[in-house]
Colleague: 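Okay, here's the structure, questions in a sec.
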Amino acid sequence: MPVTVHSVIATNLATTASSNWLYRNVSPRRIFSSSVKCSVETAEAERWVKLKNGNDSLEICRVLNGMWQTSGGWGKIDRNDAVDAMLRYADAGLSTFDMADHYGPAEDLYGIFVNRVRRERPPEYLEKIKGLTKWVPPPIKMTSSYVRQNIDISRKRMDVAALDMLQFHWWDYANDGYLDALKHLTDLKEEGKIKTIALTNFDTERLQKILENGIPVVSNQVQHSIVDMRPQQRMAQLCELTGVKLITYGTVMGGLLSEKFLDTNLTIPFAGPRLNTPSLQKYKRMVDAWGGWNLFQGLLRTMKTVATKHGVSIPTVAVRYVLDQQGVAGSMIGVRLGLAEHIEDANAIFSLVLDEEDVNSIQEVTKKGKDLLQVIGDCGDEYRRI
């Protein structure tokens, strides 16, 4: 029988704010309506999930700190300010960081951060810190030495003996070298240089092929939001059958799913907020493909009603909705380290429960949008279409 997301949440690791470093800076939770889990214990149990395949496992926070924003385009990142911010997120229980070899200084920042944790926090704190990175090679011949060399670079930058998770991306399915690369990564896992192997932006067909080749994949990171529900149409069913979990990004659409863009008109020059980051520009194109700005405004108004009902923000509702979907183990929220923070909103996700009325009201709007599986294709196809 497949293992569901909720059955792998590590409930025995729930702790109170007064007894553990990780939770000393967590803001007190509001007491919402009866549809919300109000106890700290229940919320903390909801915080963790264990990704597994065979003997491989990794426990992560279900809300991940995405570090794409360190790569440029979101404002200048100061190294010391960024690492200080990473410590604040981790102190608040948001202790899983997602990065990539090509996210500018992200891996280097993690290395500095983890060394500060080693010096300034107790050993049990370090056990909760997880660094997930990605390797995005060109589609060339994947030899053992080439794969090893690149993984060693990430290990050195992140200053770890073993990568907690290596998420692999491949650009060209016509070149089946991705299977060679994943077999070499599996060898490195057996050597203790990688703890878990995962994928990013693979489609359902290729995920099945990879699993059939015996690669112990624990998760696939894909774009998934209230607007982009493609993973629920094919991918989630395979995940349910195999136990592979989904980690999602684009869940707040670069900030479009927020109060900042509610009741705005982007068709009038300078009338609304600027789309001045790579993520805002990327997900605005997704809105256009889905149904346009007017329909998106209807969705924001509905989500604002739900958010007000529960005393939370639109982004909190957006992430909770996706976390409740089949196969989803965790969702990413991008962090602009040292420039802006959303710790309170992120921690509110664990206490929020959307009731049937909330879900139905959201779906009344989303069903008016286009089927993005038909428009774009399966998960990751947006990166491979010419």
Colleague: Salt bridge or not for R320 and D358, using N-O below 4.0 Å?
Modeller: no
Colleague: On a heavy-atom basis, which atom in L94 and which in A346 lie closest, and how many Å separate them?
Modeller: CD1-CB, 3.7 Å
Colleague: Should I362 and V317 count as side-chain neighbours, where that means a heavy-atom distance under 4.5 Å?
Modeller: yes
Colleague: Check whether any side-chain N or O of K260 sits under 3.5 Å from a backbone N or O of L257 as a donor-acceptor pair, and report yes or no.
Modeller: no
Colleague: State the CZ-CG distance between R155 and L166, to the nearest 0.5 angstrom.
Modeller: 11.0 Å
Colleague: With salt bridge (charged side-chain N to carboxylate O under 4.0 Å, His left out) as the test, would you mind laying out the steps for K183 and D187 before giving the verdict?
Modeller: CA-CA 6 Å; K183 289 172 182 176; D187 291 340; over 6 Å; no
Colleague: When you group the ILVMFWY residues by side-chain heavy-atom contacts below 4.5 Å and let the links chain together, are M332 and Y383 in the same group?
Modeller: yes
Colleague: So, taking the atom named CE in M303 and the one named CG in L354, what distance separates them when rounded to the nearest 0.5 Å?
Modeller: 9.0 Å
Colleague: Judged by atom type as modelled, is there a donor-acceptor pair below 3.5 Å linking the side chain of E240 to the main-chain atoms of G327?
Modeller: no
Colleague: Is the CZ atom of R119 crowded by more than 12 outside heavy atoms at less than 6.0 Å?
Modeller: yes
Colleague: Report yes if the side chains of L337 and D81 come closer than 4.5 Å at any heavy-atom pair, otherwise no.
Modeller: no
Colleague: Quick check: are there more than 12 heavy atoms from other residues, nucleotides or ligands sitting under 6.0 Å from CZ of R79?
Modeller: no
Colleague: Taking the side chain from N53 and the backbone from V217, do they hold a donor-acceptor pair closer than 3.5 Å?
Modeller: yes
Colleague: Under a 3.5 Å distance rule, please check whether Q237 uses its side chain to pair with a backbone N or O of Q232 as donor and acceptor.
Modeller: yes
Colleague: Can you tell me how far the CG atom of L246 sits from the CG atom of N220, to the nearest 0.5 Å?
Modeller: 6.5 Å
Colleague: Counting heavy atoms not belonging to R116, are there more than 12 under 6.0 Å from its CZ?
Modeller: yes
Colleague: Mind listing the closest non-hydrogen atom pair of V252 and A318 along with its distance?
Modeller: CG1-CB, 4.3 Å
Colleague: When clusters are formed by joining ILVMFWY residues with side-chain heavy atoms under 4.5 Å apart, either directly or through shared neighbours, do L373 and V222 land in the same one?
Modeller: no
Colleague: Enter the distance from K284:NZ to Q281:CD here, rounded to the nearest 0.5 Å.
Modeller: 11.0 Å
Colleague: When clusters are formed by joining ILVMFWY residues with side-chain heavy atoms under 4.5 Å apart, either directly or through shared neighbours, do L163 and I153 land in the same one?
Modeller: no
Colleague: Tell me the closest heavy-atom pair linking P231 and Q223, and the distance in Å.
Modeller: CG-O, 3.3 Å
Colleague: Any side-chain heavy atom of Q297 sitting closer than 4.5 Å to one from T264?
Modeller: yes
Colleague: Show your reasoning for whether side-chain contact (heavy atoms from CB on, under 4.5 Å) applies to T143 and R148.
Modeller: CA-CA 9 Å; T143 64; R148 181 182 299 271; over 6 Å; no
Colleague: Looking only at atom types and distance, does a side-chain atom of R47 sit under 3.5 Å from a main-chain N or O of C61, one as donor and one as acceptor?
Modeller: no
Colleague: Determine the minimum heavy-atom distance between P105 and T70, stating which atoms define it.
Modeller: CD-O, 3.2 Å
Colleague: Determine whether more than 12 heavy atoms belonging to other residues, nucleotides or ligands lie under 6.0 Å from atom CG of N294.
Modeller: no
Colleague: For G377, does its backbone N or O pair with a side-chain atom of R230 as donor and acceptor, under 3.5 Å?
Modeller: yes
Colleague: Give a yes or no on whether L295 and L280 share a hydrophobic cluster (residues Ile, Leu, Val, Met, Phe, Trp, Tyr; joining criterion: side-chain heavy atoms under 4.5 Å apart).
Modeller: yes
Colleague: Show your working on side-chain contact (heavy atoms from CB on, under 4.5 Å) between T248 and L323 and close with a plain yes or no.
Modeller: CA-CA 9 Å; T248 74; L323 281 177; over 6 Å; no
Colleague: Verify whether the ring centers belonging to F261 and F296 lie closer than 6.0 Å.
Modeller: no
Colleague: Got a donor-acceptor contact below 3.5 angstrom from the D378 side chain to the D203 backbone?
Modeller: no
Colleague: Do I376 and D228 have side chains that approach each other closer than 4.5 Å (heavy atoms only, starting at C-beta)?
Modeller: no
Colleague: Do the non-hydrogen side-chain atoms of W290 and V375 ever get within less than 4.5 Å of each other?
Modeller: no
Colleague: So, does S313 use its side chain to make a donor-acceptor pair with the main chain of A307 at under 3.5 Å?
Modeller: no
Colleague: I want to check something: taking the side chain as every heavy atom from C-beta on, are L185 and I194 in contact at a cut-off of under 4.5 Å?
Modeller: yes
Colleague: Where do I129 and F113 land on the side-chain contact (heavy atoms from CB on, under 4.5 Å) test, with the steps shown first?
Modeller: CA-CA 10 Å; I129 303 298; F113 159 73; 3.6 Å; yes
Colleague: Could you tell me whether the side chain of P138 reaches within less than 4.5 Å of the side chain of W171, counting heavy atoms only?
Modeller: no
Colleague: Could you walk me through whether D355 and K309 pass the salt bridge (charged side-chain N to carboxylate O under 4.0 Å, His left out) check?
Modeller: CA-CA 11 Å; D355 60 32; K309 169 183 169 180; 2.7 Å; yes
Colleague: Can you tell me how the ring of W68 sits relative to the ring of Y103, calling it parallel under 30°, perpendicular over 60° and tilted otherwise?
Modeller: tilted
Colleague: Go through D84 and R88 one step at a time and tell me if the salt bridge (charged side-chain N to carboxylate O under 4.0 Å, His left out) criterion holds.
Modeller: CA-CA 6 Å; D84 287 343; R88 287 193 294 274; 5.3 Å; no
Colleague: Run the salt bridge (charged side-chain N to carboxylate O under 4.0 Å, His left out) test on D263 and K304 for me, step by step, so that the C-alpha distance in whole Å, both residues' side-chain angles and the decisive distance to 0.1 Å come before the verdict.
Modeller: CA-CA 11 Å; D263 295 327; K304 180 60 177 177; over 6 Å; no
Colleague: Hey, can you tell me if Y173 and Y178 have their rings parallel, tilted or perpendicular (30° and 60° cut-offs)?
Modeller: perpendicular
Colleague: Pick one: which of D98, N201, D101 meets side chain to side chain donor-acceptor pair (under 3.5 Å) with K134?
Modeller: D98
Colleague: Look up atom CZ in F168 and atom CD1 in I215, then write down how far apart they are to the nearest 0.5 Å.
Modeller: 10.0 Å
Colleague: Regarding T133 and E107, is there a side-chain donor-to-acceptor distance under 3.5 Å anywhere?
Modeller: yes
Colleague: For a 4.5 angstrom cut-off between non-hydrogen side-chain atoms, does L182 reach L199?
Modeller: yes
Colleague: Side chain to side chain contact (heavy atoms under 4.5 Å, CB included) with K209: which of N213, L207, L211?
Modeller: N213
Colleague: How about E356: does its CD atom have over 12 heavy atoms from other parts shown lying under 6.0 Å from it?
Modeller: no
Colleague: Under a 4.0 Å threshold between the charged nitrogen and the carboxylate oxygen, would K282 count as salt-bridged to E382?
Modeller: no
Colleague: So, for V218 and A198, which heavy atoms are closest and what is the spacing to 0.1 Å?
Modeller: CG2-CB, 4.3 Å
Colleague: Donor-acceptor pair, distance only, cut-off 3.5 Å: does the side chain of H102 make one with the backbone of V136?
Modeller: no
Colleague: For a quick test of reading the model, state the closest non-hydrogen atom pair linking M99 to G131 and the distance between them.
Modeller: CE-CA, 4.0 Å
Colleague: Go through the steps to decide whether L51 and I247 satisfy the test side-chain contact (heavy atoms from CB on, under 4.5 Å), and finish with yes or no.
Modeller: CA-CA 10 Å; L51 308 174; I247 295 175; 4.2 Å; yes
Colleague: Enter the distance from Q167:CD to F202:CZ here, rounded to the nearest 0.5 Å.
Modeller: 11.5 Å
Colleague: Taking the side chain from R157 and the backbone from Y110, do they hold a donor-acceptor pair closer than 3.5 Å?
Modeller: no
